S.K.: 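Have a look at this one before I ask anything.
This is a predicted model, so every value here is computed, not measured. Residues: numbered from 1 along the sequence shown.
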Amino acid sequence: ILLVALMFAMSVPVSLGVGKPDQGYLEYGQVNYELRDGCMYLTSEEPSELQEFYGWEKEDCTGITAINIGANIISLPDYSEFAIFNDLQSFSVDAENPSFTAVNGVLFTKDQTILYGFPNNYYAHEYAVPEGIEEIASYAFFENENLTGIQFPATLQKIGEKAFKGCVNLENLELPATLSSLFTDALDGTPIFMAAMQNSIDTNEKAMFNGVFVGDIYIDGWLVRAPF
């Protein structure tokens, strides 16, 4: 009997969305989800805006390696909402979706001018942002601990708020000359940011990286302003 029970236990697959049913609703019934074969499918009968994963925690997202965005999901929250999907490797988007598309598993706006979200468990540790991208959206790489290097295209103009915040292993990065807007907390928590902060403390000058001001200095929660 013990052997039979042990064999049965070994044959039971790991459940997706631990603690959550395999299908249900997000956003108070406006957006449907279904967990199947490692993927979370997001759909809606009418054009809908997904504002948050209300009530979902990291443990609820165990085993979810892909997210498919249906045709009627016309708006998404900023990418910090997706930080709970630690196992996420790729996005896919219905071809009829008017707002978003996915290229090689990475999420972009439909016109492919904004990189909207980068999976937390992407297959590669370094990534080259495609030519034509003009903006890295706020939180696009938020708390991605797998990313070690990134290359930007000459078309890039803006890096949004907290775009790389918490990317604790990001060390290889060069800002292009075309960049005209960089939020001062875009690199917060990265080795690059910490090095710039330390240099600013040592020299009593602005915290700079590639000639760009990357943020004010905080020590023990207090803002320290260099004399400039």
Side-chain angles (χ1 to χ4, degrees), residues 14-18 20 35 37-42 50 52-53 56-69 76-93 100-109 112 114-133 135-153 156 158-176 179 182-198 209-210 214-215:
V14 176
S15 296
L16 299 180
V18 176
K20 298 292 184 181
L35 304 176
D37 298 328
C39 184
M40 171 183 270
Y41 294 86
L42 301 176
L50 175 61
E52 60 182 350
F53 290 93
W56 285 68
E57 304 292 341
K58 287 188 176 183
E59 56 267 24
D60 298 322
C61 303
T62 300
I64 298 175
T65 60
I67 293 179
N68 177 271
I69 299 169
L76 294 171
D78 68 55
Y79 197 70
S80 64
E81 281 289 317
F82 292 86
I84 58 176
F85 293 91
N86 282 340
D87 296 334
L88 186 62
Q89 298 174 1
S90 66
F91 283 94
S92 58
V93 181
F100 300 98
T101 190
V103 179
N104 295 326
V106 180
L107 186 63
F108 298 88
T109 53
Q112 296 186 41
I114 300 174
L115 192 158
Y116 199 85
F118 190 83
N120 294 350
N121 194 28
Y122 197 65
Y123 72 91
H125 294 294
E126 296 194 356
Y127 180 70
V129 178
E131 285 291 334
I133 298 300
E135 178 181 345
I136 306 296
S138 296
Y139 300 92
F141 292 80
F142 186 70
E143 295 185 352
N144 191 307
E145 298 182 0
N146 289 320
L147 189 69
T148 61
I150 188 164
Q151 298 176 17
F152 296 120
L156 187 68
K158 178 181 178 181
I159 298 178
E161 178 184 4
K162 297 180 174 63
F164 293 92
K165 180 178 174 64
C167 294
V168 296
N169 294 306
L170 179 60
E171 297 181 344
N172 181 15
L173 179 151
E174 184 173 346
L175 301 176
L179 189 68
L182 173 72
F183 274 76
T184 56
D185 58 359
L187 299 173
D188 192 11
T190 66
I192 293 166
F193 179 83
M194 300 307 294
M197 292 294 101
Q198 185 60 54
F209 177 72
N210 284 170
V214 295

S.K.: Is a side-chain donor or acceptor of S90 paired with a backbone partner of G105 at a separation under 3.5 angstrom?
M.R.: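 Absent.
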S.K.: Kindly compute the distance separating CG (L115) from CZ (F141), expressed to the nearest 0.5 Å.
M.R.: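 Between L115 CG and F141 CZ, I get 4.5 Å after rounding to 0.5 Å.
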S.K.: The criterion is ring-ring contact (aromatic ring centres under 6.0 Å, His included); which residues satisfy it with Y127, sequence neighbours excluded?
M.R.: F118, Y122
S.K.: Is any side-chain heavy atom of L76 closer than 4.5 Å to a side-chain heavy atom of L107?
M.R.: yes
S.K.: Taking only residues two or more places apart in sequence, or in another chain, which ones meet S80 in a side chain to side chain contact (heavy atoms under 4.5 Å, CB included)?
M.R.: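 With sequence neighbours excluded, S80 shows a side chain to side chain contact (heavy atoms under 4.5 Å, CB included) to D78, Y139, F142, given in chain and number order.
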S.K.: Could you report the tightest heavy-atom contact between A137 and A163, atom names first, then the distance?
M.R.: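 That closest heavy-atom pairing would be O-CB, 3.7 Å.
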S.K.: Find the distance between CD (E143) and CD1 (I84) and round it off to the nearest 0.5 Å.
M.R.: 11.5 Å
S.K.: Give the intermediate values and the outcome of side chain to side chain contact (heavy atoms under 4.5 Å, CB included) for residues L156 and V129.
M.R.: CA-CA 9 Å; L156 187 68; V129 178; 5.7 Å; no
S.K.: Could I get the full list of side chain to side chain donor-acceptor pair (under 3.5 Å) partners for N68, not counting sequence neighbours?
M.R.: S92
S.K.: Could you tell me which non-hydrogen atom of C61 sits nearest to which non-hydrogen atom of W56, and how far apart they are?
M.R.: SG-CE3, 4.0 Å
S.K.: Under the ring pair (Phe, Tyr, Trp, His ring centres under 6.0 Å) test against F91, which residue among F82, Y41, F108, F85 passes?
M.R.: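 Testing F91 for a ring pair (Phe, Tyr, Trp, His ring centres under 6.0 Å) against F82, Y41, F108, F85 leaves exactly one candidate, F82.
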S.K.: Would I64 and D87 count as a side chain to side chain contact (heavy atoms under 4.5 Å, CB included) if you check the C-alpha gap in whole Å, the side-chain angles of each, and the deciding distance to 0.1 Å?
M.R.: CA-CA 6 Å; I64 298 175; D87 296 334; 5.8 Å; no
S.K.: Anything under 3.5 Å between a donor and an acceptor, one on a side chain of residues 144-151, the other on a protein residue two or more places apart or in another chain? List them.
M.R.:
unit_1 : atom_1 : unit_2 : atom_2 : d
N144   : OD1    : N146   : N      : 3.0
N144   : OD1    : L147   : N      : 3.1
N144   : ND2    : P119   : O      : 3.0
N146   : ND2    : N120   : O      : 2.7
N146   : ND2    : N121   : OD1    : 3.3
T148   : OG1    : H125   : O      : 3.2

S.K.: Among residues at least two apart in sequence or on other chains, which ones pass side chain to side chain donor-acceptor pair (under 3.5 Å) with K158?
M.R.: none
S.K.: With rounding to the nearest 0.5 angstrom, report the CD to CD distance, Q112 to E131.
M.R.: 12.5 Å
S.K.: Would you please name every residue forming a side chain to side chain contact (heavy atoms under 4.5 Å, CB included) with E81, sequence neighbours left out?
M.R.: E52, F53, P77
S.K.: Report the distance from atom CD1 of I133 to atom OG1 of T109, rounding to the nearest 0.5 Å.
M.R.: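 Here the interatomic distance stands at 6.5 Å.
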S.K.: Looking at side-chain heavy atoms only, is the closest gap between L179 and F152 below 4.5 Å?
M.R.: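 Side-chain contact under 4.5 Å: no.
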